[in-house]
Amino acid sequence: MFLKIYYFELDILIPILSFFPPFFQYLVLPNNHNKQVANYYGSLFQASTVCLGVGSAGDIYIPFKDLLPTVNPNDIVFDGWDISSLDLCDAMERAQVLDWQLQEQLRPYMRKFQPRPSIYFPEFIAANQDSRADNVFHGSKKEQLDQIRKDIRDFKTKSGVNKVIVLWTANTERFCDVTRGLNDTAGNLMKTIECGGEISPSSMFAVASILEGCAYINGSPQNTFVPGVIDLAVKHKVFIGGDDFKSGQTKIKSVLVDFLVSAGLKTVSIVSYNHLGNNDGKNLSAPAQFRSKEISKSNVVDDMVQSNPILYKPSEKPDHCVVIKYVPYVGDSKRAMDEYTSEIMMGGTNTIVLHNTCEVCQVGNIWGFAMREEQIFIDW
């Protein structure tokens, strides 16, 4: 009998500079109930706990962030790209998400953040985004790729950080066709860039990040990681991950369908309706971009269905309808209504009707989410 021993090294590199000014933790926003102070509510690492076991006094919980050494978010340095030339102060005001009193406190600090020019391929996002595209690269795709790589190196040198992670928080793109000889291998993908062939902006940023040895996280639902990007990441041993933030209705759907199927209830119908008025909604009003989001919402259901062959026969899946409407007046307040119908024993049905309102802000390179209210109606 042979005993094989594995050794694991935890890679912990702490950035040197700080994004948040020292007084950030003291920001106060008065409201109707009390004074709201800065916090990290909604953060898995910063605001949740883990049970280590049972002690003499009962269960022992510690903050998730203390389970392993992690980077303090106050020590992260931010920089980034945007096709809009607005600095983060003006972008914050345009987004109309944060309360005005909070904007007043943040304005002097947000003003310092000016986005770098970015890639703009109009065929990949809605035509209604053209008016915002005043801060874009020019030149061939190879030249634009080189510029992104140069920006990453420049940021790392000037900021003095130890490690760079690139996070895609931009608009949802249409799906990119996966074609043999175009983007099916790393070699073909690089040739496509050299020749100016079809590649999405998010894939371009992924390629640049990989070539610079930087982890890349995708926060939008399009197929950024075509086979060629995955092949390139494997060859360079760089981490890539992410398939939509799934932070609002999509996240609730993934949790609720997981619960229903795991409880032995056969979900047979899911109908989801959304309306929102921010720039995300405006971009999703175009059919090709909506299709990317629709696929992302459907995938969370398909995965759970495939996990339970007792409830679902091969190729069987629930009826699933997704509707997204752009309503400018509601601004960043995203309204979502869902109806889940499941079969239970003795020919019965279970129906869950859910309404939630959430706010999703994409201001330059900063992404934030807050669940405002939730109402659940259950009919057994």
Side-chain angles (χ1 to χ4, degrees), residues 8-25 27 38-40 42-47 63-89 91-92 106 108-119 135 137 144-170 201-220 224 229 232-233 235-242 245 361-368:
F8 296 90
E9 179 180 349
L10 183 63
D11 186 8
I12 305 172
L13 297 174
I14 308 299
I16 294 175
L17 303 182
S18 172
F19 164 65
F20 293 112
F23 89 106
F24 181 82
Q25 59 184 312
L27 287 178
N39 58 56
Y40 285 107
S43 168
L44 179 64
F45 277 91
Q46 301 299 314
F64 199 160
K65 63 182 179 180
D66 294 338
L67 191 61
L68 287 173
T70 57
V71 175
N72 187 318
N74 287 1
D75 294 327
I76 297 176
V77 188
F78 283 87
D79 199 337
W81 305 263
D82 200 321
I83 62 173
S84 171
S85 62
L86 295 185
D87 60 45
L88 293 196
C89 177
M92 173 179 66
L106 289 172
Y109 300 90
M110 300 293 276
R111 183 71 70 187
K112 300 175 184 178
F113 293 91
Q114 183 70 43
R116 300 169 186 260
S118 188
I119 295 174
N135 190 43
F137 289 143
Q144 295 187 49
L145 176 68
D146 291 340
Q147 183 61 51
I148 300 171
R149 298 183 63 184
K150 181 181 177 182
D151 287 345
I152 293 174
R153 292 193 297 268
D154 176 69
F155 165 66
K156 188 171 184 179
T157 299
K158 290 182 178 179
S159 65
V161 298
N162 305 106
K163 178 174 290 187
V164 175
I165 297 174
V166 178
L167 171 65
W168 177 272
T169 65
S202 61
S203 293
M204 283 274 282
F205 274 98
V207 170
S209 301
I210 292 167
L211 294 178
E212 291 301 315
C214 302
Y216 182 88
I217 302 173
N218 173 42
S220 292
T224 296
V229 171
L232 188 69
K235 289 180 177 179
H236 286 263
K237 298 181 179 180
V238 174
F239 173 84
I240 60 173
F245 282 124
C361 169
Q362 291 183 354
V363 185
N365 309 100
I366 297 179
W367 176 87

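Small disclaimer: the values here were computed from a predicted structure and weren't measured.
Other residues, nucleotides and ligands contribute at most 12 non-hydrogen atoms within 6.0 Å of the CD1 atom of I165.
Put simply, the side chain of V71 reaches to within 4.5 Å of the side chain of I76, judged on heavy atoms. For the pair L211 and L232, the minimum side-chain heavy-atom distance is below 4.5 Å. P73 places none of its side-chain heavy atoms less than 4.5 Å from the side chain of F45. A heavy-atom distance below 4.5 Å is found between the side chains of Q147 and K150. Between I119 and F205, some side-chain heavy-atom pair lies under the 4.5 Å cut-off. Taking the side chain as every heavy atom from C-beta outward, E212 and V164 never approach each other to under 4.5 Å.
Between the side chain of S220 and the main chain of A170, a donor-acceptor pair closer than 3.5 Å is present. Listed for the Y216 side chain is no donor-acceptor partner under 3.5 Å among the backbone atoms of S203. In terms of modelled atom types and a separation under 3.5 Å, the side chain of Q114 and the main chain of S85 share a donor-acceptor contact.
Considering every non-hydrogen atom in both N135 and P115, the closest pair reads ND2-O, 3.4 Å. Counting all heavy atoms, side chain and backbone alike, G213 lies closest to V238 at CA-CG2, 3.9 Å. Counting all heavy atoms, side chain and backbone alike, V77 lies closest to S159 at CG1-CB, 4.1 Å.
From D79, atom CG reaches atom CZ of F113 across 8.5 Å, with rounding to the nearest 0.5 Å. Between atom CG of residue L106 and atom SG of residue C89 there is a gap of 9.0 Å, rounded to the nearest 0.5 Å. Distance check, rounded to the nearest 0.5 Å: CG of D146 to CG of D151 gives 11.0 Å. Here the CE atom belonging to M204 is positioned 5.0 Å from the CG atom belonging to L145, to the nearest 0.5 angstrom.
The six-membered or imidazole ring of F137 lies away from that of W81, with a centre-to-centre distance of 6.0 Å or more.
Ion pairing between D154 and R116 holds under the 4.0 Å rule for side-chain N and carboxylate O.
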Show your reasoning for whether side chain to side chain contact (heavy atoms under 4.5 Å, CB included) applies to L167 and F78.
CA-CA 11 Å; L167 171 65; F78 283 87; over 6 Å; no
